[in-house]
Participant: 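This structure is in structure tokens; I'll ask about it shortly.
We number each residue from 1, following the sequence as shown. Counting convention: from 1, in listed order, for ligands and their atoms alike.
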Amino acid sequence: MSQPSPLETRLRRLIATMGAISLAQYMAEANAHYYASRDPLGLNPDGPGGDFTTAPEISQMFGEMVGVWLADVWARAGSPARVLYVEPGPGRGTLARDALGVARRFGLDPEVHFVETSPTMRSAQARLVPGAVWHDSLADVPTGAPILLVANEFLDALPIRQLVKTPRGWRERMVGLIEGQLAPVAGERPMDAAVPARLRGLAEGTLLETCPAASAAMVEIARRLAEDGGAALVIDYGYAEHRTGSTLQALKGHARHDPFAEPGEADLTALVDFAAMAEAASHGGARVVGCQQQGRWLKALGIEARAQALARAHPDRAEDLHAALARLCQPEQMGELFKVLALAGTGWPDGAGF
Ligand code: SAH
């Protein structure tokens, strides 16, 4: 076996001296290192193709549909002169480039504000979106103007918390050491009070997963929408109804990886609980417009006509375009698992496709 990385060595030492750490702390530290040290996005599983890919990297059509949606809602809101395009976790900047390219054709040319913690990703974004302004957190984005916010595959990377029903009651799922290796363990402290009363009686072995950081981000976005107006699109893989069970997974080189092996060297994600996200948004004061499957939403926005037009203009790319369309929209590919949640701010209309 290869030598443990400096991060793994530090986590093992920390746990050996202080005891198990929360899964949220583990995931936060692993992902901070992961995103700071590489550009993980790539299409090619065989070459230097990264660990996973995302809808905007699959096809320009994805960002274009987002741009159409933003321009439409902005026009129906009366085309306010000053508006901020806000994108947390913009990856390579591809989505912003494609969406803003379309938006400008409709007269929408917003200030661009990125929320990004990774210096590596920031430099990639600067290449594709000149003129963008960066912030470390959503709270730092200037206030006083409506926002058009887009987040794609941002929430799934945020640290989750898991609670398990044991014979002794509810316990937090922590990361400890088993025979010297990082592994999930049940915490000692009774956590029954952290479980909503209606769920406390669930069967032994039941696991509840929450993402406090994602809920907090939704509340923050919703508050902005309530105060300054605007609209938001939150897109990710996840489920629309509350459910139980662990959805923690690690991806490395486009394949599943043990989430507790090589922390910081694989992408750690969890499915997004869209029911919880919608609740948090309502709580923060935004109007929930709807939560739609990605495939249906893209079709409602006209992605099929766009694919045909592109194929006519570039017959050599027709096959690739067809494959990309299928990948984004087919239920057995990204079409059903990925959801689009739309929010509206005070005085703003409902966006299209819900
Ligand atoms: N939205 C992009 C990239 C998704 S990958 C796309 O669709 O292609 C996740 C992105 O979120 C990366 O840019 C990563 O650096 C960033 N990120 C991860 N955790 C973050 C955090 N806590 N705060 C801000 N950005 C974060």
Participant: Looking at atom 18 (C) of ligand 1, what's its closest protein heavy atom, distance included?
Facilitator: Tyr35 CD1, 3.8 Å

Participant: Just say parallel, tilted or perpendicular for the rings of Trp69 and Phe354, cut-offs at 30° and 60°.
Facilitator: perpendicular

Participant: Compute whether any side-chain donor of one residue and acceptor of the other, for Ser118 and Tyr34, lie under 3.5 angstrom apart.
Facilitator: no

Participant: If you take the nearest heavy atom of each of Asp156, Thr117, Leu155, Thr120, which one is closest to atom 23 (N) of ligand 1?
Facilitator: Thr117

Participant: Which of the atoms of ligand 1 are close to Ser118, meaning less than 4.0 Å from one of its heavy atoms?
Facilitator: 15 (O)

Participant: With sequence neighbours excluded, what pairs up with Arg97 under the salt bridge (charged side-chain N to carboxylate O under 4.0 Å, His left out) test?
Facilitator: none

Participant: When you look for heavy atoms under 4.0 Å from ligand 1, do you find them on the side chain of Thr54, its backbone, both, or neither?
Facilitator: side chain

Participant: If you draw a 6.0 Å radius around NE2 in His242, do more than 12 non-hydrogen atoms from other residues or ligands fall strictly inside?
Facilitator: yes

Participant: Output yes when the distance from some N or O of ligand 1 to some N or O of Glu116 is under 3.5 Å, and no in every other case.
Facilitator: yes

Participant: Is there a polar contact, in the sense of an N or O pair closer than 3.5 Å, between Gly91 and ligand 1?
Facilitator: yes

Participant: Which ligand 1 atoms, with their elements, are less than 4.0 angstrom from a heavy-atom of Pro56?
Facilitator: 6 (C), 7 (O), 8 (O)

Participant: For the pair Lys252 and Asp267, find out whether any cationic side-chain nitrogen is under 4.0 Å from an anionic carboxylate oxygen.
Facilitator: no

Participant: Looking at ligand 1, does Pro90 have a heavy atom less than 4.0 Å from it?
Facilitator: yes

Participant: Any idea which atoms of ligand 1 are less than 4.0 Å away from a heavy-atom of Met121?
Facilitator: 13 (O), 15 (O)

Participant: Tell me: protein heavy atom nearest atom 4 (C) of ligand 1, and distance?
Facilitator: Glu153 O, 3.4 Å

Participant: Minimum distance, heavy atoms only, to atom 7 (O) of ligand 1: which one of Asp136, Asp39, Asn152 is it?
Facilitator: Asn152

Participant: Roughly how far apart are Leu268 CG and Gln249 CD, rounded to 0.5 Å?
Facilitator: 9.5 Å

Participant: Quick one: side-chain contact (heavy atoms from CB on, under 4.5 Å) partners of Cys329, sequence neighbours excluded?
Facilitator: Leu298, Lys299, Ile303, Leu325

Participant: What I want to check is whether the side chains of Gln162 and Glu172 have a donor and an acceptor closer together than 3.5 Å.
Facilitator: no

Participant: Just which atoms of ligand 1 are under 4.0 Å from any heavy atom in Leu158?
Facilitator: 22 (N)

Participant: Got the closest protein heavy atom to atom 11 (O) of ligand 1, with its distance?
Facilitator: Gly89 CA, 3.2 Å

Participant: Will you find, in the side chains of Glu227 and Thr143, an N or O donor that is under 3.5 Å from an N or O acceptor?
Facilitator: no

Participant: Consider every N or O of Phe52 and every N or O of ligand 1, then say whether any pair is closer than 3.5 Å.
Facilitator: no

